[in-house]
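Structure record follows, encoded as structure tokens.
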There are 2 protein chains.
Amino acid sequence: MRYYSSVLDALFGVPLPMANTAKVSIARTEARARRRQQLIEATMKCIGRKGIGGTTLADVAGEAGLSQGIVNLHFQSKDNLFRETLQYLAEEYRSKFEGVLERADSSPAASLMALMELDLSPSICQPMKLAVWFAFWGEVKSRPTYRKICDEIDRYYDEVVERLCDEIIKDGYYPNVTANNVATALTSMTNGLWLSCLISPQSWNRHDALDAVRCYLSVVFPQHFRRSGAT
Amino acid sequence: MRYYSSVLDALFGVPLPMANTAKVSIARTEARARRRQQLIEATMKCIGRKGIGGTTLADVAGEAGLSQGIVNLHFQSKDNLFRETLQYLAEEYRSKFEGVLERADSSPAASLMALMELDLSPSICQPMKLAVWFAFWGEVKSRPTYRKICDEIDRYYDEVVERLCDEIIKDGYYPNVTANNVATALTSMTNGLWLSCLISPQSWNRHDALDAVRCYLSVVFPQHFRRSGAT
DNA sequence: CAGAAAAATGAATGAGCATTCATTCAGAAT
DNA sequence: ATTCTGAATGAATGCTCATTCATTTTTCTG
């Protein structure tokens with residue numbers, strides 16, 4: 001069995017043969033990571049259901065089927081738990097986003113459409129998940145750390161979308177728009193559609209939302225997008 | 001001096017000559033209304049600064065320069081205060097919105113542009129105000145009352161924008177878009193631009209935001225909107 | 001001006017909750 | 001089998017507020 005001489009080493013992935021310092025087995029490290037993830041997921045469920053203000057550590061522990069003190073054991077404090085939850089959420093989003101980029105074959109137009117479809121897919125665009133995002137956005141002004149995390153993922157998104165738009169514009173010669181304009185419009189649009197989905201879940205529907213995006217794309221980039229269907 | 005026989009009558013504006021029930025003078029009623037508004041404005045400042053979770057009644061009272069118990073005296077409970085604050089916020093927005101509609105002379109295109117400019121004007125689009133909106137949106141999922149208030153103003157907004165788009169489409173014969181598509185896109189866009197303004201206040205700027213909206217309008221409704229400037 | 005009613009105060013109360021920690025439990029190492 | 005270590009528990013602690021209310025101050029009325 002391999003050992004890490006400490007949790008720190010474990011994080012840096014430096015396996016050591018048995019040493020005389022405190023030993024932490026890989027199995028333990030993994031178990032700990034799993035527990036943390038379990039707690040983070042419980043936290044998201046609670047925030048989705050009761051909001052950030054309404055979520056107590058007892059709620060989270062209960063949701064995870066564990067005891068009172070468990071959160072402080074693994075996260076030291078409530079603040080920490082929430083910050084890591086936001087980080088997890090952002091990371092999760094980023095990985096789905098990158099997954100789509102990798103899968104979408106070649107053409108920038110196809111990639112762009114695939115990204116828009118991702119944003120409006122049930123995997124991301126469901127009231128419960130959105131509620132968590134909005135709960136954190138609602139705290140952005142008073143919590144610089146939250147702002148930083150959100151800002152980072154936002155910039156990344158914007159950058160990718162703008163690059164795709166740029167390629168499309170170069171490819172199609174569209175004199176009336178700039179990549180910056182279109183990217184701003186698209187990112188805002190998805191964010192705004194999320195708000196509608198959260199606020200009017202009964203009347204909101206994926207189809208209309210996607211249609212609005214497709215309509216926009218078909219009008220700005222007519223050579224690359226047809227009204228009903230990508231590319 | 002005129003009297004109301006009770007606060008309820010006062011709200012309904014029914015002045016009565018002195019009766020043998022408890023009497024409330026108009027001056028008192030107005031003073032009370034002013035105090036309530038003062039407290040609501042203090043609440044918005046606090047929420048903007050510390051978030052909903054971080055705002056205590058002591059904060060609000062302090063911000064207003066009054067004492068501990070004042071909020072409960074005027075609003076009965078914290079919950080009430082927050083709900084009425086959201087209502088006030090929505091009402092304030094609606095009145096600005098209607099003000100623009102009345103002022104904008106005649107043409108639907110001019111009205112639409114004026115509305116977009118309002119949404120991105122400093123009066124509405126400043127981090128402090130937006131933080132309050134987002135704080136409430138963040139609680140929408142767990143507070144049905146908040147959802148209802150937000151939903152109502154949202155629907156109103158959507159309805160007006162869609163009607164304007166409809167008139168523009170009829171006027172200009174635009175076969176490739178529907179009023180619903182464009183209205184959805186526009187409302188989402190402004191909501192999304194608010195999020196960017198909140199999250200990246202340093203890099204965000206009104207000019208780019210407006211430009212993205214103008215660009216969109218000039219592309220969907222080319223006969224009604226030119227690239228740099230309305231109608 | 002006196003008396004009454006309303007508004008405002010702020011100390012006291014107690015509920016709710018994050019955090020602590022002595023104790024128990026589980027499983028790996030020898 | 002025994003020991004040892006880290007994980008987990010949950011009762012206890014203490015702090016932060018919302019809320020109450022007896023008292024004071026202000027405002028109105030005749």
Side-chain angles (χ1 to χ4, degrees), chain A residues 1-8 10 17-39 42-43 46 50-83, chain B residues 1-8 10 17-39 42-43 46-47 50-83 85:
Chain A
M1 174 167 263
R2 286 190 299 151
Y3 290 96
Y4 292 122
S5 70
S6 73
V7 175
L8 265 187
M18 312 183 180
N20 56 358
T21 59
K23 289 161 204 165
V24 179
S25 81
I26 291 177
R28 272 201 208 283
T29 310
E30 281 168 354
R32 187 192 281 251
R34 248 178 285 124
R35 201 45 19 133
R36 286 170 62 96
Q37 178 169 344
Q38 178 193 8
L39 287 168
T43 307
C46 290
K50 319 178 71 180
I52 281 189
T55 297
T56 69
L57 293 190
D59 289 333
V60 173
E63 177 68 40
L66 296 166
S67 68
Q68 273 287 356
I70 199 70
V71 167
N72 281 279
L73 179 67
H74 285 278
F75 292 91
Q76 288 63 253
S77 73
K78 195 185 187 185
D79 252 40
N80 245 320
L81 170 69
F82 280 5
R83 187 170 38 70
Chain B
M1 176 167 261
R2 288 189 299 150
Y3 290 94
Y4 293 123
S5 71
S6 75
V7 175
L8 264 186
M18 314 183 178
N20 58 356
T21 58
K23 290 161 201 162
V24 179
S25 82
I26 292 178
R28 272 200 207 283
T29 310
E30 281 168 355
R32 189 190 280 250
R34 248 177 284 123
R35 197 65 353 145
R36 284 169 65 95
Q37 179 170 344
Q38 177 192 9
L39 287 168
T43 307
C46 290
I47 292 179
K50 319 177 71 176
I52 281 189
T55 296
T56 70
L57 294 190
D59 289 333
V60 174
E63 177 68 39
L66 296 166
S67 68
Q68 275 287 352
I70 200 71
V71 167
N72 282 277
L73 179 67
H74 285 277
F75 291 91
Q76 287 65 254
S77 73
K78 194 185 187 185
D79 253 39
N80 246 320
L81 170 69
F82 280 4
R83 187 171 38 70
T85 299

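A, B, ... follow the sequence lines: proteins, then strands. Residue 1 opens every chain. Here the structure is a predicted model, which means the values were calculated and not measured.
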Can you measure [X] atom [atom1] to [N] atom [atom2] for me and round it to whole angstrom units?
| X | N | atom1 | atom2 | answer |
| --- | --- | --- | --- | --- |
| B/Arg34 | D/dT27 | CZ | P | 11 Å |
| B/His74 | C/dA6 | NE2 | C1' | 10 Å |
| A/Asp59 | C/dG16 | CG | P | 13 Å |
| B/Phe75 | C/dA7 | CZ | P | 13 Å |
| B/Leu73 | D/dC21 | CG | P | 14 Å |
| B/Ile70 | D/dT26 | CD1 | P | 13 Å |
| B/Gln76 | C/dA7 | CD | C1' | 14 Å |
| B/Gln68 | D/dT20 | CD | C1' | 11 Å |

For residues A/Leu81 and A/Leu57, determine if any side-chain heavy atom of one lies less than 4.5 Å from a side-chain heavy atom of the other.
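Result yes, sub-4.5 Å side-chain heavy-atom pair found.
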Side chains of A/Arg32 and A/Arg35: does their closest heavy-atom pair fall under 4.5 Å?
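A side-chain contact under 4.5 Å is absent here.
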Let me spell it out: for each of A/Lys78 and B/Leu66, pick the nucleotide of DNA chain C with the closest heavy atom. Which residue's pick is nearer the 5' end?
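That would be B/Leu66.
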Any side-chain N or O of [X] less than 4.0 Å from the OP1 or OP2 oxygen of [N]?
| X | N | result |
| --- | --- | --- |
| B/Arg32 | C/dA7 | yes |
| B/Asn72 | D/dT19 | yes |
| B/Arg35 | C/dA8 | yes |

Just checking, is any N or O donor in the side chain of A/Gln37 or A/Arg34 under 3.5 Å from an acceptor N or O on the other one?
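A/Gln37 vs A/Arg34: no donor-acceptor pair found between side chains.
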Which heavy-atom pair separates A/Val60 from A/Leu39 by the least distance, and what is that distance?
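Heavy atoms only, the tightest pair is CG1-O, 3.9 Å.
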